[in-house]
Amino acid sequence: MASNPIDLKRRKFLFSAGAGGAGAVAAVAGGRVLLQPEAAVPAAKIPIADRGYQATEHVRNYYRTARV
Amino acid sequence: MARMKFLCDSERCISCNGCVTACKNENEVPWGINRRRVVTLSDGVPGEKSISVACMHCSDAPCMAVCPVDCFYHTDEGVVLHDKDMCIGCGYCFYACPFGAPQYPQMGTFGVRGKMDKCTFCAGGPEPDHSEEEFKKYGGNRLADGKLPLCAEMCSTKALLAGDGDIVAEIFRGRALNRGKGADLWGWGTAYGKEGVKPKSDKAKEGTS
Amino acid sequence: MKRILFLAALFASANAIAAEAPPASAQDQPPHNNVKLWQDVRSGQPQFTTVRGVETGVLIQSRGETWRELRNGPVTLYGGILLCVVLAAIAIFYKLRGAVKLKAPLTGRKMARFSYFERSVHWSMAGSFVILALSGLNMLFGKHLLLPLVGHEVFSWLAVLCKNLHNFVGPLFLFSIVVAFFLFVKDNIWRASDLHWIRTAGGLLSGSHVPAWRFNFGEKFWFWIGLVFVGLTISISGFVLDFANFAQGRSIMQTANIIHAVFALMFICMSLGHIYIGTIGMEGALDAMRTGYVDETWAREHHELWFEEQQRKTAARESGTAPASGEPAAQS
Amino acid sequence: MLTKKSSASPVRGGRLARVRDRVDALLPATIDRRTFLKRSGLGIGAGATFSALASQVPFAMIGKAEAADATEAPKPGAVETRRTVCTHCSVGCAVDAEVRNGVWVGQEPVFDSPLNMGAHCAKGASVREHGHGEMRLKSPMKLVDGKYQKISWEQALNEVSAKLLEIRKKSGPDAVYWIGSSKHSNEQTYLMRKFVSFWGTNNCDHQARICHSTTVAGVANTWGYGAMTNSYNDMQNAKAILFMGSNAAEAHPVAMLHILHAKENGAKVMVMDPRFTRTAAKADQYVRFRSGTDIPVIWGMLYHIFKNGWEDKNYISDRVYGMDKVREEVMKWTPDRVKEVSGAEEADLYRVAETMAKNKPSTIVWCMGQTQHTIGNAMVRAFCCLQLALGNIGTSGGGANIFRGHDNVQGATDIGPNPDSLPGYYGIAAGSWKHWATVWGVDYDWIKGRFSSEAMMTKPGITVSRWIDGVLEKNENIDQDVNLKAVVYWGHAPNSQSRGLEMIEAMKALETLVVIDPYPSATAAMAAMVRKDGVYLLPASTQFETVGSVTASNRSIQWREKVIEPLFESKPDHVIMYLLAQKFGFDKELTKNIKVTNNEPNIEDILREINRGTWTIGYTGQSPERIKLHMKHMSTFDVKTLRAKGGPCDGDYFGLPWPCWGTPELKHPGTPNLYDTSKHVMEGGGNFRANFGVERDGVSLLAGDGSASKGADLQFGYPEFDHVLLKKLGWWDDLTEDEKKKADGKNWKTDLSGGIQRVVMKVHGCYPFGNAKARALVWNFPDPVAVHREPLYSTRPEMVEKYPTHDDKKAFWRLPTLFKSVQQKNIADKVYVTFPLILTSGRLVEYEGGGEETRSNPWLAELRQDMFVEINPKAANDRGIRNDDWVWVKTPTKAQLKVRAMVTERVGPDTCFMPFHFSGHWQGKDMIEYYPEGAHPLVRGEAANTATTYGYDSVTMMQETKTTVCQVVKA
């Protein structure tokens, strides 16, 4: 997981302290296990995951209404 | 990178509590936890003003500064998030936060102040975006969806603004100019004047942090 | 400057515009300015809100900032320094002075100093104190010292443990303090001999023996200032924080927390002295609290007046007469 | 894994994690929602469900959800977005509902909506909760031995219909009272009127009676139509905005979006109200006056306007009839007299009047503060006169912006169950019945046969505000053969009607009470408190569980898509109507033009039938296709004008605000602002209606020269069009042969071909209903010029002497109605001594109407947990009351309410305010034991109307709730 730079960006905090979190937390086994394959998916194929703010159409639309 | 900010325009806020329920809707926070609230000043007399308040995602966040386990972190956009797995429920962030943002389930019961809960700017938490754990612990993650906090998006009079600090400021500036004569702005300036007018450098720093 | 940043975050952008706004005409229309609004905001007085809870009507509680500055500043810094200084001082003292040794050889004759109950109370007090002190120190310094070493996951686990131990052991500590008070109070009442002890600083420096009753002034100081005053202060302030279910506001909790931290640090420093003198600092002292018995030599050298009194009592008991009604009475 | 929210668990369901999407996506498509929930509920945390599925599905398929969503077509389990409209007030806020596997998992703002631009108040932001509705009535129930028991739909329908038929047989159709709803869709509310007509009575009504009936009557009689003239959006064009008896910030919060925008652009906002409301907080000027003295206040303003010559003289001479008579009355209201009666200062009124006169276009807003009075109709007309004097009606930015209450109260008023009219304000004269009989495709005589007599068929029914008297009044005093024996509450809250103590007696006296509602609990609990049996509860679906159109306050019609399938065992109202019609034996007639599938009458067919028949108010052009197109292309509409620029709806006004004349094919764009002569009729222009003849006492009622709408062939006043006038004008031949056949002998209202409207408008630019003057003098009302009359319960005996109320009426909406005798008795009894405080009521932003639905919503209920009374610090101190104390509010009805005191400056020292949304406590006692199990609202409190007093408007039977008296004592 750590090989994915996008993952790292937001999670570096979590992992900075060493002890790997991913496996350990898998309380909801299904959910966690399922997420493993995602690391293999190239970043381009993940449209919005693990990203913060983006000035999307939705956001621009919101700004427009706030100007009224 | 854009710095996320909230701004409540007290000239527009009508204390309809839309932001409060929008938050509950998006994040399914339980009864007793209010990540956002609306406070009305001078209630019922001329000069009445209302302000919606939640975690402001401070640049120099007091919660972060006092947390004994260091469970807070800033995202790249300046959103203050925390890790509930680490939170020990000590209440220090609640003492430190001027806005009363931190909330605790079952607060008040002996020794078991639960894990702190607060506004996430609809940005979830440290778990993978949209994971079930993230939702359970922190609620929705709209930022990752290319959206903004629902409270601001749904504000009935667009009083509560959220988003890129520069754009939010520009929107507010437009309104202020429209209101004309600086009538309402005068008060804003005075208030900040009393606190010591903030030097431009700080403003700039904040914008980029 | 840093201090106002967080407030500025609230209305940051408004601020920038305010500077540009022409203020003149607005001043002609007082109702249109927001001075009152900002005064109300800054006042910290509760205003109207439909959200229920403690202080939900307060928009900005500024004292948290003071609390933060005190806690993260002087309390952490000077508290830490103080702890280090005390530890260092003790270490240096030990190096220079060494343990207080008995001058005379042991007699082999033991005399009872602490009953089983007294020892139980002491050790429950001591034990809970150690737990509280360590967990408390972890709350204050852990993130600076321990966290970088063990990482977030381990530290968080530890911190949860510490916090819960602290919260639950706290009341136990108070309970043992109260019991200890009633148990030991009568032997801690001021006596004329204490003055002598103070004048000679307990003979620690000179190495000479200063006669004392059951407890010397050092112990009495520890009892009254440490156990009673500081202990109760910590306990009460701790209870304010522990039992958050009486709708106490933040400002009370902030004050309580600072008091709690300051006194706790003081207490820890004092206790270091106590622990030192009760263990490696003085030969035979630990035995008293461990076994409840001390050697007659030890008793004569450190608590001569008490030793003599005990001897008289024993003699009286052996000769069949009742002991004197009580030491204080005998003394007066 | 449970996708349905549970109030017990903090964060279950809701916006589901993407992981869950995939799991859901894998469920067989045939699985129904309930089974799914049930099954998935077993495996909290994905374990059970997932492992069962994992064996069937290769892991590879369970990839990243986003990737899958992006590359593959939506499959079952994917998120679908459905557009609906908030059901909580009349602003018409659009809502995008995100649905997965039939579960409403997300709510998104619709920034494209020109009405609300994504904005919501507390209620709108929480509508998703209604898609879960744990506290709803879940199955039909029946009261047995004082406890509600679950029964099947079959049993419920059989028993209900048998009881009602038995009553019909025994006592005639007028013995059953049908209370419809302003929360029904247009189609349901229309079907309800038709349903009640086929049952054979005019005894039906809905919320508009106690909401804006005085407005509708007053305004329609002044200038033509009983509706908001402009729109929320159009208020952005106003230069001055006056609120009186309206608290938009709490009752219509999203309207404030437009209003504050206007304010920021320089409009002056003024609020005149006995209470300093949240709206007042946003005003530039606030004037407090004594509740119930609106007419002196308005006349006091007009006094300054006339005195200073600020009135629009040309406008008055061309477009207003009888303003001289108004002037006579107004000039009697000198400032000192106004001050004596209302307490409003001369300087304040002068300033408001000047602001209104010098900042044109200026608009006014009023709501229930104006309407719910014994002289509500007159107050409303006084406001009309103010706006007519200023020439503000028929201009963009001006107008009378009358904010309606419920989401579809406008639609229900237009085409719903009104006791005095068939859909479209056609009235109930024989001709009206014949018109609708033709549209419905049934024989007029058959309908007549359903009624007990022809006389009853044309006699307005009892109003919802008075049904209790229809039960309790002595038989010889009522104007129908029998007393009411059964009441059907079909989407109405009992606690919104006054005189709760007597309502309980009426409920006790009924033979049968049927409640059809998603949240019938207030009615159910009240009934169970006094009865052992004879009550049936039928679970209706909310508007999120069906489709249909809804008319916002600005007359725009929007389409709601079905968000979720009906929850629990509930059924949509029109399905229940059809099922009951089957039992009553008129289902065939009811759905003659309407396709029925699985007992569900087709909503679109119903709307088309409405389109075919409602010519009077132009509900004819809004075909389902056009409305849906608008919903889809919201972004093309301009926020300020509501007009589409380009796109498939080019030129249309959003929601085709009625009147949208002619057939859909005529493509009339709708009318954004009524009576606006600056626009061509085919562009939404218009003028005042010629509805009251062409002359009176030798004075022409037609408009002056040059005051016709832009581009009209007739640039002067003209009467309404019929086949005769068309022929006289030589326009008859503009009709097609087919149209001629249908239009002959008809007028613009009854010509089902739409030819008359087409020719008059499209070819000649004229307005179908003629061009006349507005009436400042409404000669057919008790007070042709509005005069002040004190409320029946007044704290000012000397004022009562000077301004006494009307004389009692013997038969008024079938009931004797008291005015003077009550007022005089109160003076004789010195009620003003025992009850020295004025009691008024109003809305809270968190709740709506009777509040059962919103008080069952935890997100809202948490914010308002106690019923309270607002009391001024002075009044409180005099009584030793402190903030948050429990107090008793006592009224002359001998009712006493135990509520919290809210000590506040919002009200003056002589006034108390209570919100009317609470119920569930009865004079100090929690009624929880009387509720059907699991269907009690989370928050309960005293209903304000348990304690309200007698008093009804002299025209519409509107209840008086805004000015009565009370005493408050510490509990």
Side-chain angles (χ1 to χ4, degrees), chain B residues 5 7 10 17 20 34 37-43 46-47 49 51 53 56-62 65-66 68-70 85-86 88 90 95-100 107-111 113 165 168-169 172-173 176 181-192 195-196 198 202-203 206, chain C residues 1-2 4-6 8-19 21-23 25-26 29 32-38 40 47-51 55-62 64-65 67-68 71-72 139 142-143 147 152 155-156 159-160 163 167-168 242-245 250 253-254 257:
Chain B
K5 280 177 187 167
L7 185 149
S10 66
N17 277 328
V20 178
N34 285 285
R37 66 192 196 279
V38 179
V39 177
T40 304
L41 302 118
S42 304
D43 178 43
K49 292 273 154 60
I51 291 178
V53 67
M56 296 300 298
H57 303 277
C58 305
S59 301
D60 172 24
V66 299
V69 292
D70 226 2
D85 291 340
M86 288 182 201
I88 60 171
C90 64
Y95 307 156
C97 177
F99 303 109
M107 176 150 172
T109 315
F110 166 71
R113 190 188 257 145
V168 164
F172 188 82
R173 184 177 297 120
K181 299 180 191 167
D184 300 310
L185 294 173
W186 184 83
W188 291 72
T190 312
Y192 282 106
E195 295 300 319
K198 201 151 58 83
D202 270 359
K203 167 81 182 101
E206 202 178 316
Chain C
M1 262 333 102
K2 212 175 150 197
I4 58 164
L5 264 179
F6 70 92
L10 174 55
F11 309 115
S13 30
N15 192 37
I17 303 143
S25 59
Q29 307 172 357
H32 286 284
N33 76 49
N34 283 329
V35 175
K36 171 114 177 36
L37 172 69
W38 298 118
D40 286 347
Q47 307 282 343
F48 180 83
T49 182
T50 52
V51 169
E55 291 188 294
T56 50
V58 177
L59 205 53
I60 291 181
Q61 205 268 14
S62 312
E65 192 52 20
W67 174 78
R68 167 192 168 180
R71 181 189 176 274
N72 282 10
M139 293 282 279
K143 113 168 143 177
L147 178 62
H152 271 107
F155 182 72
S156 157
V160 171
K163 178 238 176 189
N167 281 359
F168 285 95
D242 206 358
F243 293 86
N245 41 351
R250 274 168 286 177
M253 290 185 163
Q254 287 153 359
N257 182 271

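Convention: sequence-line order gives letters A, B, ...; per-chain numbering from 1.
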Margin query: To check you understand the geometry: which heavy-atom pair defines the closest contact between Arg68(C) and Ala65(B), and what is its length?
Written below: NE-CB, 3.4 Å
Item checked: Residue among Asn17(B), Val66(B), Val69(B), Asn34(B) with most heavy-atom pairs under 4.5 Å to chain C -> Val66(B)
Next item on the list: Rounded to the nearest 0.5 Å, what's the gap from OG1 on Thr49(C) to CD1 on Ile51(B)? Could you check?
Entry: 12.0 Å
Check: Stepwise, does the side chain to side chain contact (heavy atoms under 4.5 Å, CB included) test hold for Ile88(B) with Met139(C)?
Finding: CA-CA 10 Å; Ile88(B) 60 171; Met139(C) 293 282 279; 3.7 Å; yes
Checklist line | Selection from Gln254(C), Glu55(C), Arg250(C) maximising heavy-atom pairs under 4.5 Å formed with chain B | finding: Arg250(C)
Note to self: Quick one, Val38(B) and Thr50(C) - any side-chain contact, counting heavy atoms below 4.5 Å?
What the structure shows: no
Check: Using non-hydrogen atoms only, which part of Val160(C) is less than 4.5 Å away from chain B: side chain, backbone, both, or neither?
Finding: both
Next item on the list: With rounding to the nearest 0.5 Å, note down the distance linking CG in Leu41(B) to CG in Leu59(C).
Entry: 6.0 Å
Notebook entry, point to check: Rounded to the nearest 0.5 Å, how far does CD1 of Ile60(C) lie from CZ of Phe99(B)?
Noted result: 5.0 Å
Item checked: Closest approach of Trp67(C) to Ala96(B) (non-hydrogen atoms, all atoms of both residues) -> CZ3-CB, 3.6 Å
Checklist line | Sub-4.5 Å side-chain heavy-atom contact between His152(C) and Asp70(B) | finding: yes
Margin query: Just verifying a value: how many Å separate Gln47(C) CD and Ser42(B) OG, rounded to the nearest 0.5 Å?
Written below: 6.5 Å
